[in-house]
Amino acid sequence: MHATTKLMLIRHGETDDNRAQVFQGQAGRGLNARGREQAERLAGRFAGGRIRLSAVYCSDLERAAETAERVASALGLEAVADAALREVSLGAWQGLSRADVQARFPEEWAAWRRGVDVRRGGGETYAELGDRMMRALDRIAERHAGEAVGVVSHGAAIKTAVGRILQMDAGGLKALQVPANTGVSLIEHDPSNGYRVVVWNDAAHLGDALAEALSAPPA
């Protein structure tokens with residue numbers, strides 16, 4: 001009987017760039033006030049005792065590390081930073097609004113919106129991001145066989161990893177909504193059967209996620 005590892009993929013809390021719809025990539029700043037509140041709510045959910053984690057890993061980018069530190073602290077753990085869990089690199093798109101990107105990189109923007117795996121701003125492709133994320137998740141799953149582990153990362157990074165498990169190509173990723181800030185997605189890994197997706201984008205700690213999704217503007 002192979003031990004099944006449960007990996008809880010957690011998007012970081014909100015940042016000012018998230019609110020302003022600015023492309024952060026591997027740049028950007030830490031959490032804003034709402035993001036800190038979201039992270040505290042998430043930490044309280046884990047600290048409640050029903051969900052036990054044996055370890056917490058995170059991207060080394062400030063917004064993810066700050067979120068992970070709150071969760072880990074609530075559980076008496078130390079967050080372990082791993083650069084392989086970073087968000088996709090967006091090169092010259094980083095720090096730009098959607099309107100700015102459309103004006104400065106119209107061909108890249110159009111290709112990306114069509115689902116082409118374009119190297120946005122000279123950064124990474126989704127294929128490269130998926131390879132990087134899956135190598136990191138493989139290492140964590142092997143290190144924590146049979147345990148439950150938190151993995152704090154980023155919207156595109158989590159979506160791409162889950163898409164890889166579901167055998168989606170870059171165009172197919174458009175069918176997955178970016179996880180909510182501090183949303184939790186649960187995947188399981190069994191050495192004999194690989195990965196499977198169990199829960200997608202659970203944000204119950206933030207309130208009525210369904211009502212918020214129905215009222216939110218389209219991405």
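Worth saying up front: this structure is predicted, and the values here are computed from it rather than measured.
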Would you find a donor on one side and an acceptor on the other, under 3.5 Å apart, between the side chain of [X] and the backbone of [Y]?
X	Y	answer
T15	R29	no
R86	S59	no
D131	E128	no
N201	A180	yes
T125	R119	no
S97	V22	no
E188	R196	no
E66	L31	yes

Connected via hydrophobic side-chain network under 4.5 Å: [X] and [Y]:
X	Y	answer
V199	L53	yes
M168	I165	yes
L9	L77	no

Are any non-hydrogen side-chain atoms of [X] and [Y] less than 4.5 angstrom apart?
X	Y	result
T67	R11	no
N18	H12	yes
Q24	H154	no
R104	L96	yes
V162	K159	no
L166	W200	no
W109	R98	yes
Q26	E124	yes

Nearest non-hydrogen partners of [X] and [Y], listed with the distance:
X	Y	value
V184	M8	CG1-CB, 3.9 Å
P179	G155	CD-O, 3.8 Å
L176	G163	CD1-N, 4.2 Å
A79	A68	CB-CB, 3.9 Å
G25	E87	O-CB, 3.4 Å
A145	A3	C-CB, 4.1 Å

Just do the side chain to side chain contact (heavy atoms under 4.5 Å, CB included) check on D138 and Y195 with the steps written out, would you? CA-CA 10 Å; D138 285 345; Y195 290 93; 2.6 Å; yes
From CA spacing to verdict: side chain to side chain contact (heavy atoms under 4.5 Å, CB included), T160, V88: CA-CA 10 Å; T160 302; V88 62; over 6 Å; no
Are R63 and D17 close enough for a salt bridge, meaning some N to O gap below 4.0 Å? no
Do we see a donor-acceptor contact under 3.5 Å between the side chains of R164 and Y126? no
Q38 versus T182, side-chain donor and acceptor atoms under 3.5 Å: no
Taking it one step at a time, do V71 and L42 satisfy side chain to side chain contact (heavy atoms under 4.5 Å, CB included)? CA-CA 7 Å; V71 173; L42 178 65; 3.8 Å; yes
Which residue pairs satisfy the ring-ring contact (aromatic ring centres under 6.0 Å, His included) criterion with at least one member in residues 56-76, sequence neighbours excluded? Y57-H144
When rounded to the nearest 0.5 angstrom, what is the spacing between NZ in K174 and CZ in R113? 8.0 Å
Would you give the length of the straight line joining atom CG of L206 to atom CD of E37, rounded to the nearest 0.5 angstrom? 8.5 Å
Qualifying residue, where the test is salt bridge (charged side-chain N to carboxylate O under 4.0 Å, His left out) with D82 and the options are R143, R139, R132: R139
Run the numbers on V198 and K6 for side chain to side chain contact (heavy atoms under 4.5 Å, CB included), then give the verdict. CA-CA 9 Å; V198 181; K6 298 180 184 297; over 6 Å; no
I would like to know whether R36 and E40 meet salt bridge (charged side-chain N to carboxylate O under 4.0 Å, His left out); could you show each step before the answer? CA-CA 6 Å; R36 290 190 289 273; E40 291 294 345; over 6 Å; no
